[in-house]
*Asks:* 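First, the structure itself, so that you have it in front of you.
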Number of protein chains: 2
Amino acid sequence: MNTGIEAPRRTRIQQEKRELILEAALEVFSTHGFRGSTIDQIAEAAGMSKPNLLYYFRRKEDIHETLMHRLLDTWLAPLRELDDIGDPMTELRSYIRRKLEMARDFPRESRLFANEILQGAPRIMPLLAGELKTLVDEKAAIIKGWMRAGKIAKTDPWHLIFSIWATTQHYADFDVQVRAVLGPNRGGDGRFEDAARFLEQLFLDGLKPKG
Amino acid sequence: MNTGIEAPRRTRIQQEKRELILEAALEVFSTHGFRGSTIDQIAEAAGMSKPNLLYYFRRKEDIHETLMHRLLDTWLAPLRELDDIGDPMTELRSYIRRKLEMARDFPRESRLFANEILQGAPRIMPLLAGELKTLVDEKAAIIKGWMRAGKIAKTDPWHLIFSIWATTQHYADFDVQVRAVLGPNRGGDGRFEDAARFLEQLFLDGLKPKG
DNA sequence: CAATTTTTTGACCGATTGGACAAACGTTAG
DNA sequence: CTAACGTTTGTCCAATCGGTCAAAAAATTG
């Protein structure tokens, strides 16, 4: 997909500094949101002055936009990998696992995305209704095929995808709450393995007691 | 629980105007976050001047604090209702239904809460580790009892509660995304009934095809 | 070296922010 | 009526915001 944005040629130093800024901006934006973050905060986190930062990104929004476009690519990678080859139940299980791993390894990206959606997705609405919808529709069709073939239970594929997104991203977006509720004992590093075990069972068998 | 905050006596007009402000602030805070919202925005939404608003709430934070405390009470009501009387599977099913109804009927409250948690819960952290944890632990114990009695499948009660929160609140917090992906046809008012049907099946039977 | 280009910074600007304050307004009680 | 009290607003302020600009500093080139 051509976004119409031409990437100008850049020196090696420019590339590195831009990466430094994006890394700092990810940290700041993901915890304070777009409007809650200041250029000064990002500049300080990147170890440079505000005018210097503005030399690499002319506007605050440019940083955010670059971050969002880059994010969406990696963020949807697990769903893109979901395909018709292999056992359906295994395919879904590994999709859930991959999504949970992303929540564990890239919580800032998850929160950045959540912040944007929460506030009405003013900056990426076209992407949601376009690229994202197309991708989800495509994968929903695959899942529907599995259902018709009797490989998995018949249900709504779109809401199934929503539920996978919701349950996995919850461990990144609501991390403070999860850790607060689990307490110091169970809220440690093991919480992701516990979550993985639980989700596997939920999506496989549900809660009905085994006959 | 005594918060230590004394509620001063207020005239009838003060009560009404304060309600008006809180209603407006809920609208603004829930879509822009705390730092992204301005007193002017809230004042305009409430149909009064900024100094007039500051006559009823001395500081911007006072409005947010009042909103958050009030919110937590109503927000946790469904979980409080979960008790040992009645059939476990029915209890859980109606908890899920009630939570989904709250996401449908009070999306602004859900988003206000999500905004706060996303940003590290700086203003309600003690409540999470205190009141909330106590309540969840208590209900987790009840659920554990059901598991021991063989009434529902054995799994992690805490993560079960997380998954119910995540899947239901998703329809409030990520509403724009849900509607964008479902498209104009399926993204209409019926989406909550579709979600209810799906979630019921997921939590009951999971995805494994019926033998 | 000198000339040129790229990078960095201090100083500054207009706009917006949360909030203060006194004066004006409205209402009610005597 | 008038005095007292509760309510509303216009004006103002210091702090912070995103962003500009010229000039200094550093790096690159010849």
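So that the names make sense, note that chain A is the first sequence line, chain B the second, and so on, each numbered from 1.
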*Asks:* With a 4.0 Å cut-off, would you call E81(B) and R98(B) a salt bridge?
*Replies:* yes
*Asks:* From dT8(C), dT7(C), dT7(D), pick the nucleotide closest to the side chain of Q14(A)?
*Replies:*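 For the Q14(A) side chain, the nearest candidate turns out to be dT7(C).
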*Asks:* Relative to the ring of W75(B), is the ring of F113(B) parallel (under 30°), tilted (30 to 60°) or perpendicular (over 60°)?
*Replies:*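 Aromatic pair F113(B)/W75(B) classed tilted.
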*Asks:* Check the distance between dT7(C)'s P and I21(A)'s CD1 and give it to me in whole angstrom.
*Replies:*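 Computing the I21(A):CD1 to dT7(C):P distance gives 11 Å.
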*Asks:* Taking the basic N atoms (NZ, or NE/NH1/NH2) and the acidic carboxylate oxygens, is any pair closer than 4.0 Å for E91(A) and R97(A)?
*Replies:*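 A salt bridge is absent here (no side-chain N lies under 4.0 Å from a carboxylate O).
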*Asks:* So does D83(B) have more than 12 non-hydrogen atoms from other groups sitting under 6.0 Å from CG?
*Replies:*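 Enclosed: over 12 neighbouring heavy atoms sit under 6.0 Å from CG of D83(B).
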*Asks:* Is the ring pair F162(A)/W165(A) parallel, tilted or perpendicular, if the boundaries are 30 and 60 degrees?
*Replies:*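 The arrangement is tilted - the two ring planes meet at 30° to 60°.
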*Asks:* Does dT9(C) have its OP1 or OP2 closer than 4.0 Å to a side-chain nitrogen or oxygen of N52(A)?
*Replies:*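 For dT9(C), OP1/OP2 do have a side-chain N/O of N52(A) under 4.0 Å.
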*Asks:* With salt bridge (charged side-chain N to carboxylate O under 4.0 Å, His left out) as the criterion, how do D175(A) and R104(A) come out once you've worked through the C-alpha distance, each side chain's angles and the decisive distance to 0.1 Å?
*Replies:* CA-CA 10 Å; D175(A) 183 52; R104(A) 182 193 61 194; over 6 Å; no
*Asks:* Is it true that, when you exclude K144(A) itself, more than 12 heavy atoms of the residues, nucleotides or ligands shown sit nearer than 6.0 Å to its NZ?
*Replies:* no
*Asks:* Give the rounded distance in Å between these two atoms: CD of E16(A) and P of dT7(C).
*Replies:* 11 Å
*Asks:* Please report, rounded to the nearest Å, how far the P atom of dG6(D) is from the CE atom of M48(B).
*Replies:*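 So the two atoms are 18 Å apart, to the nearest Å.
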*Asks:* Before you tell me yes or no, could you show the steps for R111(A) and D173(A) under salt bridge (charged side-chain N to carboxylate O under 4.0 Å, His left out), namely the whole-Å CA-CA distance, both residues' side-chain angles and the distance that decides it to 0.1 Å?
*Replies:* CA-CA 5 Å; R111(A) 275 184 223 120; D173(A) 303 342; 5.5 Å; no
*Asks:* Separation of L53(A) atom CG from dG10(C) atom C1', in whole Å?
*Replies:* 16 Å
*Asks:* CZ of F57(A) versus P of dT8(C): gap in Å, rounded?
*Replies:*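 For the pair F57(A) CZ and dT8(C) P, the rounded distance is 14 Å.
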*Asks:* Can you pull every protein N or O that's under 3.5 Å from an N or O on nucleotides 17-20 of chain C?
*Replies:*
residue : atom : partner : partner atom : Å
dG18(C) : OP1  : S37(B)  : O            : 3.2
dG18(C) : OP1  : K60(B)  : NZ           : 3.1
dG18(C) : OP2  : I39(B)  : N            : 3.1
dG18(C) : N7   : K50(B)  : NZ           : 3.1
dG19(C) : OP2  : K60(B)  : N            : 2.8
dG19(C) : O6   : K50(B)  : NZ           : 3.2

*Asks:* After noting the C-alpha distance and the side-chain angles of F106(A) and E101(A), does the key distance pass the side chain to side chain contact (heavy atoms under 4.5 Å, CB included) rule?
*Replies:* CA-CA 8 Å; F106(A) 306 104; E101(A) 279 165 6; over 6 Å; no
*Asks:* Expressed as a whole number of angstroms, how long is the span from L20(B):CG to dT7(D):P?
*Replies:*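 Nearest whole value for this atom pair: 14 Å.
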*Asks:* State whether Y55(A) places a side-chain N or O below 4.0 Å from either non-bridging phosphate oxygen (OP1 or OP2) of dT7(C).
*Replies:*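 Checking Y55(A) against dT7(C): at least one side-chain N or O falls below 4.0 Å of OP1 or OP2.
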*Asks:* Rounded to the Å, how far apart are K17(A) NZ and dT6(C) C1'?
*Replies:*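 Atom-to-atom, K17(A) to dT6(C), this comes out as 12 Å.
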*Asks:* Taking CD from E44(A) and P from dT16(D), how many angstroms apart are they, rounded to a whole number?
*Replies:*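 After rounding, the gap between these two atoms is 14 Å.
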*Asks:* Between residues 23-30 of chain A and DNA chain D, which residues have a heavy-atom gap below 4.0 Å?
*Replies:* none
